[in-house]
Amino acid sequence: GAGVSQTPSNKVTEKGKYVELRCDPISGHTALYWYRQSLGQGPEFLIYFQGTGAADDSGLPNDRFFAVRPEGSVSTLKIQRTERGDSAVYLCASSLRPADTEAFFGQGTRLTVV
Amino acid sequence: KQEVTQIPAALSVPEGENLVLNCSFTDSAIYNLQWFRQDPGKGLTSLLLIQSSQREQTSGRLNASLDKSSGRSTLYIAASQPGDSATYLCAVATGNQFYFGTGTSLTVIP
């Protein structure tokens, strides 16, 4: 596609449920990033993929969060046993190469845990 | 750890004014610096990318400068318009990630 696509755009879930957030990067971009943005804050790093592998997952807050990118393109962020504190906008970005090229962000998924 | 600060947090100007947004960072070992625009409830739109070896970049009414040694960047917006109203974020590429400031919320009054 022309840009980074994230689905769903909005997700409301009950506390304790499992959710999956999807990211379709720009075709040909090898680097993919997940960020989380809380209201009034800048985006915070979660995980970075180079190809199929998670090259840096140091931003994942705990083991309830997991992300995959099995074929080096689409990525899924998975959150188990959701908590109200997980409510935020989850942003995905891709770039042609790691870190030294322009990053393009999707429109985000707004997750609300009730 | 890289820390990014943006000043001011909010800015309100009348239409037509020129303005400057500031971004500072603590670790000068960066690959690049990128300025983004974020409209309410939306994702980030890339405005300008400055590589670490560059001093400035220009796109239309926007000009971004980078002084890596002092850990500073500025975004200059000329002849501001109401449509420029948004939050402006700077992001510094260090290591495997981009580090963001908390943004400057800009309001341009018609």
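Owing to the predicted nature of the structure, the values given are computational and were not obtained by experimental measurement. Reminder, nothing fancy here: chain letters follow the sequence lines and each chain counts from 1.
Looking at A:Gln37, only its side chain comes within 4.5 Å of chain B, counting heavy atoms on both sides. With a 4.5 angstrom heavy-atom cutoff, A:Ala103 touches chain B via backbone and side-chain atoms both. Contacts between B:Gln51 and chain A at a heavy-atom distance below 4.5 Å involve the side chain alone, from C-beta outward.
Few gaps surround CD on B:Glu17; more than 12 heavy atoms of other groups in view lie less than 6.0 Å from it.
For the atom pair OG (B:Ser24) and CD1 (B:Ile7), the distance works out to 6.0 Å, reported to the nearest 0.5 Å. Rounding to the nearest 0.5 Å gives a distance of 10.0 Å between CG of A:Leu32 and CD of A:Gln50.
Under the side chain to side chain donor-acceptor pair (under 3.5 Å) test applied with A:Asp86, the options A:Arg81, A:Lys15, A:Arg64 reduce to a single match, A:Arg64.
With chain A as the partner, the residue from B:Leu44, B:Leu89, B:Val4 showing the most heavy-atom pairs under 4.5 Å is B:Leu44. The greatest number of non-hydrogen atom pairs below 4.5 Å with chain A, out of B:Ser52, B:Ser105, B:Gly103, B:Ser46, is found for B:Ser46.
Aromatic ring centres of A:Phe105 and B:Phe36 lie closer together than 6.0 Å.
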